[in-house]
Amino acid sequence: MKTSTKIILLIFAAFLMTSPLLGQQEKGIVGIDNWLNNWTQFKPHQEYYGEPTQILTGSITEDTKLHKRYTYLLLGNVFVANEATLTIEPGTVIIGDSKTNGSLTVARGAKIIADGLETDPIIFTSGKSVKRAGDWGGIMILGDAPTNKFGNGSVAAFYQQLDPANYGHTNYGGDNVESDSGVFRYVRIEYAGKRTKAAGYFNGLLLAGVGNKTKLGNIMVSFAAGDAFKVLGGALGIDKAVSYKCNGNDFKFNYGAQCELTNSLAVRSPYISSSDGSRCVQVISYEKPGEVDLSKKGTSLIASNLTLLNDSEDLKNDISMGLVKAGVFVGHFAALDMEKTVISGFNPAVIFDSKVLINQENLENIKFSEMYFNNCNGNIFVENNSNNDDLENWYGNSAFFNVYSKSQNAETFIDVDNPRRPDFRLKINKIIATNNDPDLIDD
């Protein structure tokens, strides 16, 4: 093997708990305990999955199983419908077709059982020799959990030449908070997000009206042209999610979604992000006020143990060039409770929508505690308002245990096993790995 020529950042972190009696005890998710091991891939362009041997097309209306021994081509708009269940074996590879905007939609009432393994993840990817963001469509899971929209929502605009028989399969939303769309775990989604004429970009994984019986975890979306994870309404939890260098938002929650996001990672690159100001986390309740019923619940996100990192080579210059935006955006009539999270290298760390009034009620609905704000050009602001004294005073209160730092950027992850402690502090560990082929090294 050749001598290493470049550092490749990997993702780890630790709590540093300080006690005058016990000294310093450092704990973290490292080594064999790191949950990113085995199933993630931060350089997917190096992977070759072979040519497709089977084709998936049209509608799946009976229980169907995909097998690891085949490589599948996702051709056009593929629907799992009529309460059918699509089961995918661990290790199965599905290639999205570029010419037909290959996409997979699990319709309301149907299920997907994509339950991969740590050592054998399920992979949705591009089949091009030179892979790029937006090579194919994406994956949509639709359920009948509530939204705050008037009537049901629809994703019909994403599809080209949609068969009229499938229009009913594009609707989402209902009254069943506990609806079950199946299992989606140990899955990688690479180079999704094809652009459409009517609806903009596909997303890596769109979850619309998905209920809380659905199991979601250990999902990695990398190099998506649209949003990596987009949640429209529903009530669900996502654990151990990774968004890596996507053009759109990493985690977007909208239309009254009631969600929990835990133990997750977003790595942004200012050199590939979309120009409209993509965020690591965007929590909003509507795109236009007239499309939602404000008597219903607004979007609410509980987020803990996240790492949100902007991977800039020259942060100061990138900010001056307008390439770096805020890491977190909170909209009007939306609630966010974020704790034990690193926000590193943004401009600024957090932005509130200009419609968010700074009063007791809103501050109690937008919480930040035990945070590590690192190397950001400002911390928490209201949109278009440079005076953030009230916000600094509120969130800077020692009762919230927030930490502000200007240390070197590093990709980090916070240990989920340590208990909450008033004397907790954070330390960023920078762990480096090497690549043995200098021709395949990212700049």
Are any non-hydrogen side-chain atoms of [X] and [Y] less than 4.5 angstrom apart?
| X | Y | result |
| --- | --- | --- |
| Ser103 | Trp136 | no |
| Val80 | Thr105 | no |
| Leu301 | Asp337 | no |
| Thr170 | Tyr159 | yes |
| Leu216 | Leu236 | yes |
| Asp311 | Lys245 | yes |
| Tyr395 | Phe373 | no |
| Met338 | Val328 | yes |

Closest non-hydrogen atom pair between [X] and [Y], with its separation:
| X | Y | answer |
| --- | --- | --- |
| Gly378 | Pro348 | O-CB, 3.3 Å |
| Tyr191 | Ser126 | CB-CB, 3.9 Å |
| Phe346 | Ala326 | CD2-C, 4.0 Å |
| Asn77 | Gln160 | ND2-O, 3.4 Å |
| Asn249 | Asp227 | N-OD1, 2.7 Å |
| Ser98 | Lys194 | OG-NZ, 3.1 Å |

Under a 3.5 Å threshold, yes or no: a donor from one side chain and an acceptor from the other, between [X] and [Y]?
| X | Y | result |
| --- | --- | --- |
| Lys325 | Ser278 | no |
| Asn37 | Glu118 | no |
| Thr119 | Asn38 | no |
| Asp239 | Asn263 | yes |
| Asn375 | Ser344 | no |
| Tyr255 | Glu291 | yes |
| Tyr372 | Asn402 | no |

Say whether, by atom type as modelled, one donor and one acceptor occur between the side chain of [X] and the main chain of [Y] under 3.5 angstrom.
| X | Y | result |
| --- | --- | --- |
| Asp144 | Gly174 | no |
| Asn82 | Ala84 | no |
| Glu89 | Lys68 | yes |
| Thr125 | Ile123 | no |
| Asp97 | Thr100 | yes |
| Asn34 | Leu36 | yes |
| Lys296 | Lys149 | yes |
| Thr341 | Leu306 | yes |
| Thr71 | Pro52 | no |
| Ser285 | Thr299 | yes |

In plain terms, say whether Arg268 and Asp250 are close enough for a salt bridge, that is, a side-chain N and a carboxylate O under 4.0 Å apart. yes
Is the closest basic N to carboxylate O distance between Glu190 and Arg132 below 4.0 Å? no
Starting at [atom1] of [X], measure out to [atom2] of [Y] and round the result to the nearest 0.5 Å.
| X | Y | atom1 | atom2 | value |
| --- | --- | --- | --- | --- |
| Ser369 | Glu339 | OG | CD | 5.0 Å |
| Leu261 | Leu336 | CG | CG | 10.0 Å |
| Ile112 | Leu104 | CD1 | CG | 5.0 Å |
| Asp163 | Ser59 | CG | OG | 7.0 Å |
| Leu56 | Leu75 | CG | CG | 9.0 Å |
| Glu383 | Phe352 | CD | CZ | 12.0 Å |

Parallel, tilted or perpendicular for [X] and [Y], by the 30°/60° rule?
| X | Y | result |
| --- | --- | --- |
| His169 | Phe79 | tilted |
| Trp39 | Trp35 | parallel |
| Phe223 | Tyr244 | perpendicular |

With salt bridge (charged side-chain N to carboxylate O under 4.0 Å, His left out) as the test, would you mind laying out the steps for Asp180 and Lys215 before giving the verdict? CA-CA 8 Å; Asp180 184 358; Lys215 298 178 175 62; 5.6 Å; no
Taking atom [atom1] of [X] as the centre, does the number of heavy atoms from other residues, nucleotides or ligands within less than 6.0 Å exceed 12?
| X | atom1 | answer |
| --- | --- | --- |
| Gln54 | CD | yes |
| Lys367 | NZ | no |
| Asn359 | CG | yes |
| Lys297 | NZ | no |

side-chain contact (heavy atoms from CB on, under 4.5 Å) evaluation trace for Phe202 with Ile139: CA-CA 8 Å; Phe202 273 93; Ile139 301 171; over 6 Å; no
So, using salt bridge (charged side-chain N to carboxylate O under 4.0 Å, His left out) as the criterion, who are the partners of Asp63 when residues are at least two apart? none
Which residues satisfy the salt bridge (charged side-chain N to carboxylate O under 4.0 Å, His left out) test with Asp115, sequence neighbours excluded? Arg185
Please lay out, stage by stage, how Lys111 and Ser181 fare under the test side-chain contact (heavy atoms from CB on, under 4.5 Å). CA-CA 5 Å; Lys111 289 185 179 181; Ser181 296; 5.6 Å; no
Would you please test Phe184 and Ile238 for side-chain contact (heavy atoms from CB on, under 4.5 Å) and show each step? CA-CA 10 Å; Phe184 206 74; Ile238 305 174; over 6 Å; no
Taking the six-membered ring for Trp and the full ring for Phe, Tyr or His, determine whether the centres of Tyr49 and Tyr72 are under 6.0 Å apart. no
Check: Phe400 ring centre within less than 6.0 Å of Phe368 ring centre: no
Go through the steps to decide whether Gln41 and Arg188 satisfy the test side-chain contact (heavy atoms from CB on, under 4.5 Å), and finish with yes or no. CA-CA 8 Å; Gln41 171 57 273; Arg188 293 207 308 263; 3.5 Å; yes
